[in-house]
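Please read all numbers here as calculations on a predicted model, not as lab measurements. For ligands, and for the atoms within them, numbers begin at 1 and follow the listed sequence.
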Amino acid sequence: MVEARIGTVTLLFTDLERSTEILQKLGDDEAQVLWRTHFSLLRNAVSARGGQEVKNLGDGLMVVFSSALDALACAVAMQQAVHRHNEQQEEGHRLQVRVGLHVGEPIREEDDYFGMAVVVAKRLCDRAQGGQILVSDLVRRLVGSRGSYTFRDLGPLSLKGTAEPLSAYEVVWEPAAEELAAPLPPHVEGPAAPLPLPPLLAIGERTTFVGREAELERLRHHWERVRTGQRQLVLLTGEPGIGKTRLAAEFALAAHAEGATVLFGRSDEAAALPYQPFVEALRHYVATCSPNELRARLRATGAELTGLVPELAQRLSDLPAPPPVEPERGRYRLYEAFTTFLAEASQVSPIVLVLDDLHLADRSTLLLLKHIVRSPGQSPLLLLGTYREIEIARTHPLAETLADLRRDRAFERVSLQGLDKGNVGALIGAWAGQEAPPALIEAVHELTEGNPFFIEEVLRHLVETG
Ligand SMILES: Nc1ncnc2c1ncn2[C@@H]1O[C@H](COP(=O)(O)OP(=O)(O)OP(=O)(O)O)[C@@H](O)[C@H]1O
Ligand SMILES: [Mg+2]
């Protein structure tokens with residue numbers, strides 16, 4: 001018997017999204033070059049973190065690490081390397097890589113590994129979208145607070161081939177600071193390059209987007225006002241899965257293409273951090289803005305904002321320490337600092353700040369939101385929030401905030417309904433790659449009431465059961 005237990009290891013799988021499509025589009029020779037680049041980007045990250053490549057899976061790698069922290073650092077380095085590659089490439093040459101990590105005690109046989117731990121790591125990778133890193137709860141706990149990674153709770157996922165749902169997390173990563181911090185050549189004057197999209201919005205090829213013309217029209221109307229310098233707050237509401245986040249993302253993508261700065265922050269159940277969505281938004285700004293620009297925009301507020309985003313102190317080493325103040329005044333100063341930061345940053349290009357899942361926002365987030373919305377002075381800023389209508393009872397903190405803001409007529413709510421039959425048909429057609437029969441459209445429409453999340457579930461089920 002050659003099989004042996006080898007103790008605990010962290011398993012990392014990668015997979016290149018849409019690989020067949022890339023191959024078809026580029027043809028053999030060009031695809032070959034791209035494949036080689038893809039593997040060399042990944043392998044550089046593996047060797048920098050002391051990983052051991054177990055095998056090449058054709059479209060990805062299987063790697064083991066003796067440390068979960070190294071494995072996670074490797075996963076992030078892989079995504080950052082791919083991101084850097086993509087920034088220098090044209091559309092057809094961009095890569096989107098999924099990564100999954102799990103830790104366990106697999107069985108080793110010759111040079112390969114077997115067992116449930118391997119299956120789980122692979123399945124997590126399969127469940128990721130291009131640009132995402134998914135890890136099991138075990139990996140998250142082993143890594144702990146080391147490396148200050150942000151983990152997003154995805155809840156229990158049922159993975160193919162595993163008996164019980166598994167607690168999974170997405171690791172939020174940012175493009176590497178060095179590459180993005182590259183200062184503009186000194187002789188170039190004029191507008192700063194637009195900031196890259198936040199990773200959660202930049203995620204590769206997405207499914208076809210259908211309908212929502214009227215809602216997009218409302219958003220464009222507000223955007224026109226924003227562009228003339230008026231701050232706007234728009235809230236997208238509706239039931240779970242109706243398409244709030246997707247609509248916000250589609251709009252933000254279009255605004256980004258026009259040169260807007262797009263920032264994104266999400267609230268989640270764990271609400272691990274006060275001001276979480278604002279922290280995420282600022283963190284992206286700090287990570288991707290050039291040092292000169294950062295210094296100019298945060299001259300007045302940087303010292304205050306290091307409390308929210310400590311990386312700021314590393315990027316701007318000459319920031320003064322914030323003066324000590326009593327806590328109550330400190331909070332007010334923080335609100336003021338954040339509001340000033342947004343006003344400053346929006347002078348470069350108008351800002352879309354997406355605040356996703358506000359029904360999960362904690363009180364600190366809502367207070368800061370209210371402060372920004374009520375602050376005097378105007379700036380080209382669109383605050384685009386989303387929340388699940390049904391989660392908001394009258395006594396919910398968000399309901400109270402909205403009641404306050406309603407008195408000031410400070411926001412517009414855009415309520416999303418199910419897709420109509422035409423759009424359900426378009427969605428099914430896009431999935432199937434051919435026109436859907438009317439009876440199928442009718443049935444799916446009736447079953448799902450046009451909820452795109454349910455439509456996708458139904459289609460996935462149909463595909464899986466043939
Ligand atoms: N108009 C659309 N066209 C195509 N796909 C859509 C559309 N709207 C939503 N989807 C897809 O449906 C799924 C659910 O959408 P989304 O996540 O935006 O819902 P949500 O309202 O934000 O849900 P939750 O309340 O859970 O956050 C996603 O996979 C999304 O890409
Ligand atoms: Mg959502």
Side-chain angles (χ1 to χ4, degrees), residues 17-18 96 98 127-132 134 152-157 168 170 172 197-220 234-254 264-271 276-277 280 352-361 365 384-392 396 398 413-433 436 441 444-445 447-463:
E17 201 173 68
R18 297 181 301 117
Q96 294 295 338
R98 341 168 200 261
R127 276 299 273 269
Q129 295 185 328
Q132 266 188 324
L134 299 193
R152 231 177 237 312
D153 194 350
L154 301 177
L157 295 185
E170 176 186 356
V172 180
L197 279 168
L200 284 171
L201 293 181
I203 292 170
E205 195 84 342
R206 42 188 76 234
T207 52
T208 307
F209 181 68
V210 303
R212 302 296 185 217
E213 290 85 6
E215 291 83 355
L216 282 168
E217 195 46 47
R218 289 309 301 156
L219 288 172
R220 264 184 229 115
V234 180
L235 296 168
L236 305 177
T237 72
E239 63 185 57
I242 200 72
K244 304 176 290 295
T245 305
R246 179 69 189 267
L247 177 59
E250 291 294 329
F251 178 78
L253 250 53
F264 182 91
R266 210 156 48 170
S267 300
D268 61 36
E269 226 95 35
Q276 184 177 347
E280 284 175 12
V352 182
L353 169 50
V354 178
L355 300 168
D356 203 15
D357 290 336
L358 281 174
H359 57 278
L360 298 173
T365 300
L384 181 54
T386 76
Y387 68 90
R388 291 181 175 177
E389 194 113 48
I390 54 162
E391 310 264 351
I392 307 294
H396 190 285
L398 177 59
R413 197 176 348 216
V414 175
S415 159
L416 301 192
Q417 310 300 323
L419 299 173
D420 63 20
K421 258 181 229 164
N423 286 320
V424 172
L427 204 53
I428 304 178
W431 259 70
I441 299 175
V444 173
H445 182 252
L447 189 66
T448 61
E449 296 179 336
N451 180 306
F453 174 79
F454 291 134
I455 298 173
E456 286 181 348
E457 289 294 298
V458 168
L459 294 177
R460 206 167 282 140
H461 180 76
L462 287 178
V463 169

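- The shortest N/O to N/O separation between Leu419 and ligand 1 does not fall below 3.5 Å.
- Those atoms of ligand 1 with a heavy atom of Leu427 less than 4.0 angstrom away are 4 (C), 5 (N).
- The heavy atom nearest to atom 20 (P) of ligand 1, considering only Lys244, Arg266, Glu389, is found in Lys244.
- When each atom of ligand 1 is checked for a heavy atom of Arg388 under 4.0 Å away, the hits are 24 (P), 25 (O), 26 (O).
- Considering both main-chain and side-chain atoms, Val210 comes within under 3.5 Å of ligand 1 through a nitrogen or oxygen pair.
- Counting heavy atoms under 4.0 Å from ligand 1, residue Asn423 does not touch it at all.
- Closest heavy-atom approach to atom 29 (O) of ligand 1 within the set Glu456, Gln129, Glu457: this belongs to Glu456.
- For the pair Gly238 and ligand 1, no heavy-atom separation below 4.0 Å is found.
- Put simply, Thr386 stays out of reach of the Mg ion (ligand 2), with no N, O or S atom under 2.8 Å from it.
- Using 4.0 Å as the threshold, Leu236 has no heavy atom nearer than that to any atom of ligand 1.
- Residue-ligand proximity, Thr208 to ligand 1, at heavy-atom distances under 4.0 Å covers atoms 3 (N), 4 (C), 5 (N).
- At a heavy-atom distance under 4.0 Å, no atom of Leu247 approaches ligand 1.
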